[in-house]
Structure formats: structure tokens, C-alpha cells
Amino acid sequence: MRSNDYAPRPAHLKWLLDSDPAIRWQVMRDLTGEAPAAIAAERSRVATEGWGAQLLAHQSPDGRWPGGQWDLVTLWSLVVLKDLGLDPASKPARKMIDRIDKRLVFKPLNNRPFLHGETEPCINGRILGIGAYFKEPNETLANQLLAEQLEDGGWNCEAPKSQRSSFHTTICVLEGLLEYERVAYERAGRKSAAITRARKRAENYLLERHMFRSLQTGKVIDKRWLRFSYPTHWHYDVLRGLDYLRNAGIKPDSRVEEAIEVVIKRRHQNGRWPLNLLHPEHIPLQMETAVGSASRWNTLRALRVLHWYNSTR
């Protein structure tokens with residue numbers, strides 16, 4: 001592929017920048033290469049404007065977000081705040097995470113603090129990443145996840161009953177381990193060899209299956225993975241998997257080529273990517289338009305994945 005096959009045109013960038021601060025600062029970082037000070041200034045607006053401010057405003061004084069099963073709605077809300085790039089050092093972020101840290105517990109687990117995790121690796125992977133990003137890296141939770149890695153390299157919330165890994169669980173854990181590793185490295189100045197090995201095994205689990213195919217039959221495991229959504233919640237799809245590899249600095253090889261073609265085929269003629277579906281999980285925030293309409297989240301993520309693929313090969 002040639003870079004001009006998918007490079008964003010000025011009209012695409014203008015459309016992305018005419019948006020929420022959460023989109024704008026990531027476009028400036030990932031697509032237009034603005035100066036760090038300008039990026040930081042735009043990112044700082046996430047805490048006080050647009051989607052970030054709206055979602056923060058929905059948190060109750062006891063730390064929860066409303067709208068369903070409290071722990072899951074809270075988890076998905078925190079994941080979105082992290083994805084928006086809410087500065088963890090900002091006053092609104094500190095107030096938000098202090099409420100979580102001091103007031104939320106899993107009562108059935110002997111009042112275990114929320115940021116210490118629960119029992120399922122798909123949930124704990126998310127909590128590990130959130131805790132590292134907003135509070136501090138939780139070594140105990142990280143080690144628990146390492147101990148739960150399956151023989152084939154991934155994770156599954158149905159283990160030990162199932163010894164076959166799940167793409168859904170594996171991507172949640174991978175994202176958490178990557179965030180944990182980055183923050184721990186910033187603080188200690190060195191990476192954990194155990195974390196690095198675990199991530200490498202899990203990345204190979206995805207890559208050996210070309211990001212969406214059965215290792216045994218070569219068939220597409222789930223056609224829904226070829227359709228892109230945001231928020232992803234716990235759900236895997238090809239774009240989410242590729243964006244993780246980009247974020248982790250993985251050098252793309254032939255094993256991602258087919259997945260890259262899936263991304264390209266999802267692009268509309270106007271150069272934008274649509275919102276293909278919405279998952280049933282709920283957070284108290286609506287960010288995008290209707291299913292089938294152009295999605296700034298999907299367009300941003302697709303363009304930076306394609307840029308990663310082209311520039312690092």
C-alpha cells in the first residue's frame with residue numbers, strides 16, 4: 001500500500017479537529033505532529049470541557065456512576081475517561097479517583113477496594129490499567145494476572161474450566177499490562193521482565209491468529225470483530241487489536257496484513273470510518289451519532305493504525 005492511499009486529507013483533519021478536546025489532542029499527537037506544549041494545552045481541556053467534563057459530572061459523591069450494575073458502569077466510565085486522555089494530574093481527575101479509592105469496595109470479596117480488582121481477568125485487566133493511569137501501579141494485581149495466563153498465551157474469564165484463551169479477555173489484560181508497565185517504568189526506571197514476557201506471549205496469540213482467525217481452521221472466529229465500535233467496553237474487534245499493537249510499539253509484519261485490509265475496506269468513500277455498531281453496555285454519556293454514520297473515534301483510530309503500519313514497516 002502507498003501512504004497516499006489512506007493519508008488524511010485536510011478536509012478529514014478539519015472534520016476531526018472540529019470536535020471534542022479528547023479527539024483534537026489525539027489528532028494533534030498522532031496525525032499532525034503538533035508541538036508538545038500545544039498538545040498538552042488541548043489535552044488539559046478534557047477535564048473541563050466536552051465529553052470528559054460531562055462524564056466526570058455524572059459521578060456521584062460515593063464514587064459510582066449511575067445507570068445499571070454499579071461496578072460495571074463505573075468500570076466502563078473510567079475506561080472511557082482514560083481513553084479520552086483525562087490528565088491524571090488534573091484536579092478533577094484527582095477528585096474523581098480519590099472517591100474511587102476511598103469509597104468503593106467489592107462487598108462480596110470482604111470489602112476489597114475497587115482498585116485492587118476482583119476475580120475475573122477481563123475486569124482485572126481493565127482495573128489494572130485504570131489504577132496505573134490514575135493512581136499507582138498495583139503489583140499484586142499484575143502478578144495475579146500473570147499467574148492466570150493460559151498455555152496458549154492469552155487469558156479467559158472462564159478459566160480454569162476453559163483452557164482456551166478468549167480474544168475479549170486477552171485484549172483487556174494486554175491493555176492493562178501495557179499501562180502498568182509504562183507507569184512502573186516511569187517510576188522505577190526499569191521494566192519487569194515477567195510483564196514483558198507475558199505481553200509478548202499474548203501478542204503472539206493474537207498475531208498467530210492474524211488478529212481474527214481460528215488457529216485450527218483458519219475461519220473468521222466472529223464476524224462482529226470486523227465491525228468497529230466505540231466505546232468497546234469488554235468487546236474485541238480488529239481495530240481495537242491493531243490499535244493496541246500500535247500503542248505497544250510492535251513492528252507490524254505479514255500477520256497483520258489481512259487485518260489492515262479489513263480496516264481499509266471499512267472506510268467510506270468520503271474518507272471517514274462509520275460507527276458500525278454499539279454494544280449494549282451503558283455509560284451515562286453519548287459521544288457519537290447513529291450507527292452507520294461517520295465516527296470520529298473510528299476515523300482517528302483507523303488513520304493512526306494505518307500510519308503505524310506504513311511508517312514502521
K.L.:
With distance as the sole criterion, is a donor-acceptor pair present between the side chains of Asp222 and Tyr236 under 3.5 Å?
P.N.:
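Asp222 vs Tyr236: no donor-acceptor pair found between side chains.
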K.L.:
Do Glu42 and Arg45 sit within salt-bridge range, that is, some charged N less than 4.0 Å from a carboxylate O?
P.N.:
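A salt bridge links Glu42 with Arg45.
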K.L.:
Is the shortest distance from a Lys or Arg side-chain nitrogen in Glu175 or Arg126 to a carboxylate oxygen in the other one below 4.0 Å?
P.N.:
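Judged by the 4.0 Å cut-off on N to carboxylate O distance, Glu175 and Arg126 do form a salt bridge.
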K.L.:
Just checking, is any N or O donor in the side chain of Ser165 or Asn156 under 3.5 Å from an acceptor N or O on the other one?
P.N.:
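No, no side-chain donor-acceptor pair sits under 3.5 Å.
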K.L.:
Give the intermediate values and the outcome of side-chain contact (heavy atoms from CB on, under 4.5 Å) for residues Leu242 and Trp308.
P.N.:
CA-CA 9 Å; Leu242 289 171; Trp308 158 78; 4.2 Å; yes
K.L.:
Suppose we screen for salt bridge (Lys or Arg N to Asp or Glu O under 4.0 Å). Which residues come up paired with Arg227, at least two apart in sequence or across chains?
P.N.:
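None.
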K.L.:
Output, in order, the C-alpha distance, side-chain angles, deciding distance and verdict of side chain to side chain donor-acceptor pair (under 3.5 Å) for Arg201 and Gln149.
P.N.:
CA-CA 9 Å; Arg201 288 179 60 204; Gln149 190 169 26; 3.2 Å; yes
K.L.:
A side-chain contact here means heavy atoms from C-beta on lying under 4.5 Å apart; do Asn270 and Trp15 qualify?
P.N.:
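No. Closest side-chain heavy atoms not under 4.5 Å.
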K.L.:
Salt bridge or not for Glu34 and Arg29, using N-O below 4.0 Å?
P.N.:
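No, no charged N to carboxylate O under 4.0 Å.
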K.L.:
State yes or no: are the ring centers of Trp225 and Phe212 separated by less than 6.0 Å?
P.N.:
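Distance test on ring centres: not under 6.0 Å, no.
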K.L.:
With a 6.0 Å cut-off (strictly less than), is the heavy-atom count around CZ of Arg164, excluding the residue itself, greater than 12?
P.N.:
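It does not: Arg164 CZ has 12 such atoms or fewer within range.
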K.L.:
Do other residues, nucleotides or ligands put more than 12 heavy atoms under 6.0 Å from the CD atom of Glu158?
P.N.:
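For Glu158, atom CD is not crowded (no more than 12 foreign heavy atoms under 6.0 Å).
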K.L.:
Less than 4.5 Å apart, side chain to side chain, heavy atoms only: is that true for Leu277 and Asp237?
P.N.:
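Of all side-chain heavy-atom pairs linking Asp237 with Leu277, none is under 4.5 Å.
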K.L.:
Would you indicate whether Glu208, at its atom CD, is surrounded by more than 12 heavy atoms from other residues, nucleotides or ligands within a distance under 6.0 Å?
P.N.:
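More than 12 heavy atoms, drawn from other residues, nucleotides or ligands, come within 6.0 Å of this atom.
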K.L.:
Classify the ring geometry of Trp70 against Phe114: parallel below 30°, tilted from 30° to 60°, perpendicular beyond 60°.
P.N.:
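Rings of Trp70 and Phe114: tilted, 30 to 60°.
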K.L.:
With side-chain contact (heavy atoms from CB on, under 4.5 Å) as the test, would you mind laying out the steps for Val256 and His210 before giving the verdict?
P.N.:
CA-CA 6 Å; Val256 304; His210 292 249; over 6 Å; no
K.L.:
According to a 4.5 Å side-chain heavy-atom criterion applied to Ile, Leu, Val, Met, Phe, Trp and Tyr, with indirect links allowed, do Leu150 and Ile195 form part of one hydrophobic cluster?
P.N.:
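No, Leu150 does not connect to Ile195 through the hydrophobic network.
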K.L.:
Tell me if a side-chain donor or acceptor on Asn124 pairs with a main-chain N or O of Glu118 at a distance below 3.5 Å.
P.N.:
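At least one qualifying donor-acceptor pair exists.
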K.L.:
Do Asn298 and Arg301 have side-chain heavy atoms sitting under 4.5 Å apart?
P.N.:
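They are in contact (side-chain heavy atoms under 4.5 Å apart), so the answer is yes.
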K.L.:
Evaluate the side chain to side chain donor-acceptor pair (under 3.5 Å) criterion for residues Asn247 and Arg182: first the C-alpha distance (whole Å), next the side-chain angles of each, then the deciding distance (0.1 Å), finally the verdict.
P.N.:
CA-CA 11 Å; Asn247 194 25; Arg182 283 181 173 169; 3.0 Å; yes
K.L.:
Checking Trp273 side chain against Val263 main chain: does a donor-acceptor pair fall under 3.5 Å?
P.N.:
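Pair found, side chain donor or acceptor close to backbone of Val263.
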K.L.:
Within the distance-only criterion (no hydrogens, no angle test), does the side chain of Glu258 pair as donor or acceptor with the backbone N or O of Arg255 below 3.5 angstrom?
P.N.:
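Between the backbone of Arg255 and the side chain of Glu258 there is no qualifying donor-acceptor contact (under 3.5 Å).
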K.L.:
Could you tell me whether Arg246 and Asp243 make a salt bridge, using a distance below 4.0 angstrom between a side-chain N and a carboxylate O?
P.N.:
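Salt bridge between Arg246 and Asp243, a charged N being under 4.0 Å from a carboxylate O: yes.
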K.L.:
Would Val105 end up clustered with Phe134 when hydrophobic side chains under 4.5 Å apart are linked, directly or stepwise?
P.N.:
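Cluster IDs for Val105 and Phe134 differ.
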K.L.:
Using the rule that two of Ile, Leu, Val, Met, Phe, Trp, Tyr join whenever any of their side-chain heavy atoms come within less than 4.5 Å, decide whether Ile130 and Leu109 are in one cluster.
P.N.:
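Yes, same cluster.
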K.L.:
Do the side chains of Ile97 and Leu115 get nearer than 4.5 Å, heavy atoms only?
P.N.:
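Yes, close enough: below the 4.5 Å cut-off.
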K.L.:
One pair to check against side-chain contact (heavy atoms from CB on, under 4.5 Å): Thr48 and Lys91. What are the steps and the verdict?
P.N.:
CA-CA 10 Å; Thr48 57; Lys91 289 183 178 179; over 6 Å; no
K.L.:
Among His279, Glu281, Met287, find the residue that satisfies the side chain to side chain contact (heavy atoms under 4.5 Å, CB included) test when tested with Pro231.
P.N.:
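One option only clears the test, and that one is Met287.
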K.L.:
Looking just at side-chain N and O atoms, do Tyr244 and Glu203 make a donor-acceptor pair shorter than 3.5 Å?
P.N.:
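There is such a pair between these side chains.
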K.L.:
Under 30°, 30 to 60°, or over 60°: which ring-plane class applies to Trp51 and Trp297, parallel, tilted or perpendicular?
P.N.:
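Parallel: the ring planes of Trp51 and Trp297 meet at under 30°.
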K.L.:
Please confirm whether the backbone N or O of Gly125 pairs with a side-chain atom of Trp155, one donor and one acceptor, at under 3.5 Å?
P.N.:
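No.
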K.L.:
Judged by modelled atom types alone, do Ser192 and Glu181 share a side-chain donor-acceptor pair under 3.5 Å?
P.N.:
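Checked: Ser192/Glu181 side chains show no N/O donor-acceptor pair below 3.5 Å.
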K.L.:
Heavy-atom distance under 4.5 Å between the side chains of Ile23 and Leu17, does that happen here?
P.N.:
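The answer is no, as the side chains (C-beta and beyond) never meet within the 4.5 Å cut-off.
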K.L.:
Hey, is CZ on Arg224 packed in by over 12 heavy atoms from elsewhere, all under 6.0 Å?
P.N.:
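No - once you tally the heavy atoms of other residues, nucleotides and ligands closer than 6.0 Å, there are 12 at most.
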K.L.:
For Pro113, give me all partners under side-chain contact (heavy atoms from CB on, under 4.5 Å), at least two apart in sequence or on another chain.
P.N.:
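So Pro113 forms a side-chain contact (heavy atoms from CB on, under 4.5 Å) with His116.
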K.L.:
Mind checking whether His168 and Trp234 have ring centres under 6.0 Å apart?
P.N.:
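Yes, ring centres under 6.0 Å apart.
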K.L.:
May I ask you to decide whether Asp101 forms a salt bridge with Lys135, counting only side-chain N to carboxylate O separations under 4.0 Å?
P.N.:
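Result for this pair is yes, salt bridge flagged.
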K.L.:
Give the C-alpha distance, both sets of side-chain angles, the deciding distance and a yes or no for side-chain contact (heavy atoms from CB on, under 4.5 Å) between Leu145 and Tyr180.
P.N.:
CA-CA 12 Å; Leu145 288 165; Tyr180 171 88; over 6 Å; no
K.L.:
Do Pro284 and Val73 have side chains that get closer than 4.5 Å, going by heavy atoms?
P.N.:
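Side-chain contact under 4.5 Å: yes.
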K.L.:
Inspect the contact between Asp62 and Arg99 and indicate whether a charged nitrogen and a carboxylate oxygen are less than 4.0 angstrom apart.
P.N.:
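No, Arg99 and Asp62 are not salt-bridged.
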K.L.:
Look at the side-chain heavy atoms of Ile, Leu, Val, Met, Phe, Trp and Tyr, link any pair under 4.5 Å apart, and say whether Leu275 and Phe228 land in one connected group.
P.N.:
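Looking at the clustering, Phe228 is in a separate group from Leu275.
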K.L.:
Run the side-chain contact (heavy atoms from CB on, under 4.5 Å) test against Leu72 and tell me which residues pass, sequence neighbours left out.
P.N.:
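Result, side-chain contact (heavy atoms from CB on, under 4.5 Å) vs Leu72: Gln69, Trp76, Ile123.
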K.L.:
Any non-hydrogen side-chain atom of Lys82 less than 4.5 Å from a side-chain atom of Val79?
P.N.:
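No, their side chains stay 4.5 Å or more apart.
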K.L.:
Using modelled atom types only, decide if a donor and an acceptor are shared between the side chain of Ser90 and the backbone of Asp87 within a distance under 3.5 Å.
P.N.:
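Checking the backbone N and O of Asp87 against the side chain of Ser90, a donor-acceptor pair under 3.5 Å is found.
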K.L.:
With no hydrogens and no angle check, is any side-chain donor or acceptor of Thr169 less than 3.5 Å from a backbone partner on Cys122?
P.N.:
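No.
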K.L.:
When you check the side-chain N and O atoms of Arg43 and Gln26, is any donor under 3.5 Å from an acceptor?
P.N.:
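No, Gln26 and Arg43 have no side-chain donor paired with an acceptor closer than 3.5 Å.
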K.L.:
Of the non-hydrogen atoms in Leu146 and Ala198, which two are nearest, and what is the gap between them?
P.N.:
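Answer, listing the atom of Leu146 first, then Ala198: CD2-CB, 3.4 Å.
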K.L.:
Distance from Leu56 atom CG to Met96 atom CE, nearest 0.5 Å?
P.N.:
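So the gap between those two atoms works out to 6.0 Å.
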K.L.:
Do Ile171 and Leu226 share a hydrophobic cluster (ILVMFWY, side-chain heavy atoms under 4.5 Å, transitive)?
P.N.:
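They do share one cluster, since a chain of ILVMFWY contacts under 4.5 Å joins Ile171 to Leu226.
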K.L.:
Can you check whether Tyr205 and Phe167 have ring centres sitting under 6.0 Å from each other?
P.N.:
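Yes.
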